[in-house]
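Side chains are part of it too, since the values below use all heavy atoms of this structure and drop only hydrogens, waters and symmetry mates. Atoms within a ligand are numbered from 1 in the order they appear, just like the ligands themselves.
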Amino acid sequence: VARQYGTPTYVLDEADILRRCREYRRAFDGEVAYAAKAFFCVAMARWIRREGLSLNVCTSGELAVARAAGVPTSRILAYGHAKTPADLYAMLHYGVGRIVLDSVAEVNRLAAGTWGRAGKNRQAVLLRVAPDIDAHTNPARADLAGAGLALSPDGAEEAAARVLARPELELVGLHCRLGSQVTGLGPYLRAADQLVGLLARIRDHHGVVLEQLDLGGGHPVAYREGDTAWTPADLSRALTEAVRRSCATYRLPVPRLTVEPGRAVVARAGLTLYRVVTVKRTVGGPLIVAVDGGVSDNPRTGQYGADHLVRLVGRRTNVPLHHVTVVGRHGEADDVITHSAMLPGDIRGGDLLAALGTGAYHHSMASNYDLVPRPPVVALADRRASLLVRRESNDDLLRRDVLACANGSIS
Ligand SMILES: Cc1ncc(COP(=O)(O)O)c(C=O)c1O
């Protein structure tokens, strides 16, 4: 792959992604809506469609890709804690099956956009609720305060009353999301109970029984040995049982459960190939290995202190392993791939390294920092490589620069 496509390059194991999609589908009776923000392109959207998953999108850009892949609108859930008018327009124009609303003001905005619709043509809506719990996730991965309606009479209950009063909208369920890498089941179980309590209050006040309960994603991934991870089957058993118990307490029929895994589907299927540019031996400090990528393709280390296993690939050596810090080419304090690689002491410029577990939130969060073109995405299946997203070029970057276009600088 490195020879054919250069470095850095994101590499995906297609079979691993398909296997995890199937595990989720088998484990959950309800709906599994893959969160596009973890990693998305037309190939990924096609895999999701083919494996029978639904899709969770939050921008007009993600919708454009879903559209390019022909994902049926009935299987798309669109959300966003601050949907722009362009996002809302795209969601309505494409006719997404369900829109998750985040605030009372958004109810009015959506109603205005759907004005005149009625009956079967109503826009199906879920309300995003912020449960009153601490998910004990890394603060950098917890959800933003203000994402979701408060569980209070003037929050979610007021929004429910407003949606139910609009003939253009159909309230079909409740939604919540706790954060990412939520390593205990307890927060999910408490959230399920609080949301079922709200379903019961909506029934009591409005005589309406909602049929969907979306408990979001955030399922943990074991990036390193010893990290917590659940199988979809474990998760399904715990969530289904908790929802059933709460529904029995409130005498409610059990709603259809939706989960929205992102990283749990794609993170482990990905690695990033880097070429070593230079090796620096600091006095008394760690060996520093600088590669030809960095924070522009791997923003997670800086954002949430993520750390990736890094391996030497493509060359065998018996030289003992050394403790190594692998850094990027950008020279920022957070431009680190890992502080704790164990690599052979003869590591040198030109060697190939693989950073593991980079399938989620790498390609989707990559930037052009230092005007570095973003890496390609290559999928491996049956030992064959195929290019899903090509490498960006300097011309791609110049194409957005109006003066460069005007003076003919693009080759
Ligand atoms: C509404 C929603 N659902 C699902 C996800 C996916 O989370 P994860 O990739 O941690 O499973 C996110 C991520 O931010 C999200 O905002």
Side-chain angles (χ1 to χ4, degrees), residues 17 20-21 23-24 27-28 30-40 44 48 53-59 61-63 66 75-83 87 91 96-103 106 125-131 135-149 173-185 187-188 191 195 212-223 227-232 234-236 239 257-270 299-300 303-304 306 357-365:
I17 294 176
R20 291 184 200 279
C21 288
E23 272 176 17
Y24 264 102
F28 281 91
E31 180 181 40
V32 180
Y34 170 71
K37 69 193 306 147
F39 167 79
F40 208 42
M44 185 71 200
I48 291 303
L53 272 63
S54 296
L55 188 66
N56 185 243
V57 300
C58 63
T59 61
E62 287 177 352
L63 256 183
R75 275 169 40 193
I76 301 180
L77 265 141
Y79 71 100
H81 84 98
K83 298 176 198 70
D87 291 333
M91 290 167 189
V96 299
R98 286 153 291 166
I99 298 184
V100 182
L101 295 181
D102 242 72
S103 66
E106 225 174 42
V125 160
L126 284 88
L127 291 177
R128 176 168 177 167
V129 176
H136 304 299
T137 173
N138 175 337
R141 286 175 168 146
D143 255 26
L144 187 69
L149 291 144
L174 301 179
H175 174 284
C176 76
R177 177 184 136 77
L178 306 177
S180 253
Q181 287 288 86
V182 182
T183 49
L185 278 170
Y188 284 102
L195 263 65
Q212 285 184 35
L213 191 59
D214 185 335
L215 295 176
H219 312 157
V221 162
Y223 285 102
D227 283 358
T228 305
W230 308 317
T231 65
D234 293 339
L235 188 63
S236 169
L239 293 184
L257 195 60
T258 299
V259 287
E260 301 176 345
R263 122 185 21 244
V265 174
V266 287
R268 288 153 294 187
R300 295 181 57 256
Q303 281 191 2
Y304 353 100
T358 63
Y361 302 106
H362 280 73
H363 172 256
S364 61
M365 284 183 151

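Distances below 4.0 Å separate heavy atoms of Y361 from the following atoms of ligand 1: 6 (C), 7 (O), 8 (P), 9 (O), 13 (C). Short contacts between ligand 1 and S180, defined as distances under 4.0 Å to a heavy atom of the residue, involve ligand atoms 7 (O), 8 (P), 10 (O). For ligand 1, the atoms closer than 4.0 angstrom to any heavy atom of G217 are 4 (C), 11 (O). Of all the atoms in ligand 1, the ones that sit under 4.0 Å from a non-hydrogen atom of K37 are 12 (C), 13 (C), 14 (O). Within ligand 1, the atoms closer than 4.0 Å to a non-hydrogen atom of R263 are 8 (P), 9 (O), 10 (O), 11 (O), numbered from 1 in the order shown. Below 4.0 Å from some heavy atom of A35 lie the following atoms of ligand 1, by number and element: 4 (C), 5 (C), 6 (C).
In this pair, Y79 and H175 present their aromatic rings parallel. The plane angle is below 30°, not in the 30 to 60° band.
The shortest N or O to N or O distance between G218 and ligand 1 is below 3.5 Å. Considering both main-chain and side-chain atoms, G262 comes within under 3.5 Å of ligand 1 through a nitrogen or oxygen pair. For ligand 1, the polar-atom distance check against R177 finds a nitrogen or oxygen pair separated by under 3.5 Å. Between R128 and ligand 1, a contact under 3.5 Å exists for no N or O pair.
Using modelled atom types, one finds a donor on one side chain and an acceptor on the other under 3.5 Å when comparing R263 with Y223.
Residue contacts with ligand 1 for E260 involve both N, CA, C or O and side-chain atoms from C-beta outward (heavy atoms, distance under 4.0 Å). Of the heavy atoms in N56, only side-chain atoms (C-beta onward) come closer than 4.0 Å to ligand 1.
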- Message: Quick one, C176 with L215, criterion side-chain contact (heavy atoms from CB on, under 4.5 Å). Give me CA distance, side-chain angles, the key distance, then yes/no.
- Response: CA-CA 5 Å; C176 76; L215 295 176; 3.9 Å; yes
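Heavy atoms of G216 come nearer than 4.0 angstrom to ligand 1 in no pair at all.
The salt bridge (Lys or Arg N to Asp or Glu O under 4.0 Å) search around D227 returns none, not counting sequence neighbours.
Taking the charged nitrogens against the carboxylate oxygens, E31 and R98 do have a contact shorter than 4.0 Å, which makes a salt bridge.
Judged by distance alone, the side chain of S236 and the main-chain N or O of A27 form a donor-acceptor pair under 3.5 Å. A side-chain donor-acceptor contact under 3.5 Å links K83 to the backbone of V100. At least one donor-acceptor pair under 3.5 Å links the side chain of D102 to the backbone N or O of G148.
The only member of L174, L126, L239 that meets side-chain contact (heavy atoms from CB on, under 4.5 Å) when paired with L213 is L174.
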